[in-house]
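Residue numbers start from 1 in every chain, and the chains themselves are labelled A, B, ... in the order their sequence lines are given, proteins ahead of strands.
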Number of protein chains: 2
Amino acid sequence: MAGTKQALESLKEVGYRLTPQRMLVLSAIQEGGHLSAEEVYGRVKEEYAFIDIATVYRTLALLKRLRLVTETELGDGPARYELSTEPHHHLVCRGCGETTPLNDDLFAPLRLTLRERLGFEAELEHLPVFGICSRCGAQGRRAERRRAGVATERAGTAQ
Amino acid sequence: MAGTKQALESLKEVGYRLTPQRMLVLSAIQEGGHLSAEEVYGRVKEEYAFIDIATVYRTLALLKRLRLVTETELGDGPARYELSTEPHHHLVCRGCGETTPLNDDLFAPLRLTLRERLGFEAELEHLPVFGICSRCGAQGRRAERRRAGVATERAGTAQ
DNA sequence: CTTGGTGCAAAACTTTTGCACGGAG
DNA sequence: CTCCGTGCAAAAGTTTTGCACCAAG
């Protein structure tokens, strides 16, 4: 897809007004990447103190509808928004919280299988793939060895 | 994993009390499958009118911690809960909302690749795979042909 | 001018939490 | 008898909505 400028173009083309608020929200997302509505709000407010969070939500909803930004639901906490680029996903480590971009190619076979076998057009866009990264995995295994045999579950593994 | 009885066993084994509320929540989930907390609440209330939704949430959180139920975040609306069974996922059609179970095998290659290439242990458990089912896909294409050339987007594609 | 977009305030919706009482073990 | 689990009520966190005014086209 595109950068802020092209995004603004698209907005105009489709008949929406170009307001400072919309421009600011767009550039906040472009610079920030993976921001929550609240964070976008914070960033925009630095440049234009009077913006309301409702406007941010409305703008994000609009941009999402136009497929200019992507919304990702991380399960807990607020949704996060990102400028649409070429299709990709994210690895999200439950240990350290780090997110790593993940090329879409890995999902092609799955998408194909679903289409051929079930006639299902999977969107599989911008998925958060939860798990444990190599670094945290190593740590976890060490910790596990340390308390080997305890096991009552009460403590619970990272959910 | 298991049915309600075994689940109750597990609860007791790990040292939690067996209360009517917990039994009712469990059997509601077993019978209902894919229920929201509110729906579980509704079902349980039919048999025990005094239960509180807070109890439902607390019980669901407990069962989730013990891995007896799985929580799925569908992005909009409330989380949905399901009794844990063998690993599987769901196709969720954005058109008709229908959900179809999906065998986990399809995800094995992806999981393997992530492990080997990046050392990332992907959880990929009980994923909602959004998309358009064959039935709705056909309808959509027909509708599109009907209004071919209009295109202002305003209407918006199914989000 | 006209209508769409904004700010403000309030509501909606889902989920969590504090507290005191009652029942399971 | 002890303390875990519950009901009740209130709060918290995120997102949506009604309304009057303002500004983009």
Side-chain angles (χ1 to χ4, degrees), chain A residues 8-26 28-29 34-42 44-45 47-66 68-69 71-81 152-154 156 159, chain B residues 8-9 11-26 28-29 34-42 44-45 47-66 68-69 71-81 152-156 159:
Chain A
L8 290 172
E9 273 308 305
S10 318
L11 258 192
K12 204 153 73 176
E13 270 168 30
V14 190
Y16 291 99
R17 293 188 184 164
L18 249 56
T19 67
Q21 290 89 338
R22 286 178 178 167
M23 300 198 270
L24 289 168
V25 165
L26 256 173
I29 289 186
H34 257 123
L35 300 173
S36 67
E38 194 74 38
E39 287 162 347
V40 172
Y41 178 53
V44 172
K45 229 173 15 181
E47 305 204 33
Y48 177 66
F50 305 135
I51 195 170
D52 191 84
I53 191 147
T55 301
V56 173
Y57 274 107
R58 282 186 283 232
T59 303
L60 289 173
L62 172 65
L63 298 174
K64 180 176 121 190
R65 218 169 345 114
L66 298 182
L68 296 174
V69 310
E71 186 191 59
T72 316
E73 196 68 56
L74 255 39
D76 68 325
R80 315 203 79 87
Y81 299 86
T152 48
E153 180 64 55
R154 271 267 140 96
Q159 193 48 274
Chain B
L8 291 172
E9 273 308 305
L11 258 192
K12 203 152 77 176
E13 272 168 29
V14 189
Y16 290 99
R17 293 190 184 163
L18 249 55
T19 66
Q21 288 89 337
R22 286 177 178 168
M23 301 198 270
L24 288 168
V25 166
L26 256 173
I29 289 186
H34 257 123
L35 300 174
S36 67
E38 193 76 36
E39 286 163 347
V40 171
Y41 178 54
V44 172
K45 228 171 19 180
E47 304 204 33
Y48 177 66
F50 305 136
I51 194 168
D52 191 84
I53 192 148
T55 301
V56 173
Y57 274 107
R58 281 186 284 233
T59 304
L60 289 173
L62 172 65
L63 297 175
K64 179 177 122 190
R65 224 177 332 123
L66 299 181
L68 296 174
V69 310
E71 186 192 59
T72 315
E73 196 68 55
L74 256 38
D76 69 325
R80 316 202 78 87
Y81 299 87
T152 48
E153 178 64 56
R154 271 273 140 91
Q159 195 51 271

Using every non-hydrogen atom in the two residues, find where [X] and [Y] come nearest and quote the distance to one decimal.
X: B:E47; Y: B:L24; answer: OE1-CD2, 3.9 Å
X: A:I51; Y: A:Y41; answer: O-CE1, 3.3 Å
X: B:L35; Y: B:A28; answer: CD1-O, 3.5 Å

Rounded off to whole Å, could you give me the [atom1]-to-[atom2] distance for the [X] and [N] pair?
X: A:Y41; N: D:dT15; atom1: OH; atom2: P; answer: 14 Å
X: A:R65; N: C:dG4; atom1: CZ; atom2: P; answer: 13 Å
X: A:E71; N: D:dT14; atom1: CD; atom2: C1'; answer: 12 Å
X: A:L11; N: C:dG4; atom1: CG; atom2: C1'; answer: 13 Å
X: A:L35; N: D:dT14; atom1: CG; atom2: P; answer: 14 Å
X: A:L26; N: C:dG5; atom1: CG; atom2: P; answer: 14 Å
X: B:D52; N: C:dC19; atom1: CG; atom2: C1'; answer: 13 Å

Below 3.5 Å, can you tabulate the donor-acceptor pairs from side chains in residues 52-61 of chain A to any protein atom, sequence neighbours excluded?
{"unit_1": "A:D52", "atom_1": "OD2", "unit_2": "A:A54", "atom_2": "N", "d": "2.8"}
{"unit_1": "A:T59", "atom_1": "OG1", "unit_2": "A:T55", "atom_2": "O", "d": "2.7"}

ask   = Can you name the one residue among B:V40, B:I29, B:L62 that meets side-chain contact (heavy atoms from CB on, under 4.5 Å) with B:V69?
value = B:I29
Report which part of the nucleic acid [X] touches: base, sugar-phosphate, or nothing (heavy-atom distance under 4.0 Å, all strands).
X: B:A54; value: base
X: A:E38; value: nothing
X: B:I53; value: nothing
X: B:Y48; value: sugar-phosphate

request  = Please answer whether the main-chain N or O of B:S36 pairs with a side-chain N or O of B:E39 as donor and acceptor at a distance below 3.5 Å.
outcome  = yes
task = Take nucleotides 19-25 of chain D nucleotide by nucleotide from the 5' end and write B, S or -, depending on whether a protein heavy atom sits under 4.0 Å from the base, only from the sugar-phosphate, or from neither.
result = ----BBS
message = Return whichever of A:T59 or B:A79 has its heavy-atom-nearest nucleotide of DNA chain C closer to the 5' end.
response = A:T59
key: Side-chain N,O (A:Q21) to OP1/OP2 (C:dG7) below 4.0 Å   = yes
query = Under 4.0 Å between a side-chain N or O of B:Y57 and OP1 or OP2 of C:dT15?
reply = yes
request  = Using the test side-chain hydrogen bond (donor to acceptor under 3.5 Å, both in side chains), find all partners of B:T72 that sit at least two apart in sequence or belong to another chain.
outcome  = B:H126
query = Who pairs with A:E71 by side-chain hydrogen bond (donor to acceptor under 3.5 Å, both in side chains), at least two apart in sequence or on another chain?
reply =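 side-chain hydrogen bond (donor to acceptor under 3.5 Å, both in side chains) list for A:E71, sorted by chain: A:K64, A:Y81.
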key: Residues in side-chain contact (heavy atoms from CB on, under 4.5 Å) contact with B:T19, at least two apart in sequence or another chain   = B:R17, B:Q21, B:R22
Angle by which the axis turns from one end of the helix from C:dC1-D:dG25 to C:dG25-D:dC1 to the other, five pairs per end, to 10 degrees = 40°
inquiry  = Judged by each residue's nearest nucleotide on DNA chain D, which is more toward the 5′ side, A:G77 or B:T55?
reply    = B:T55
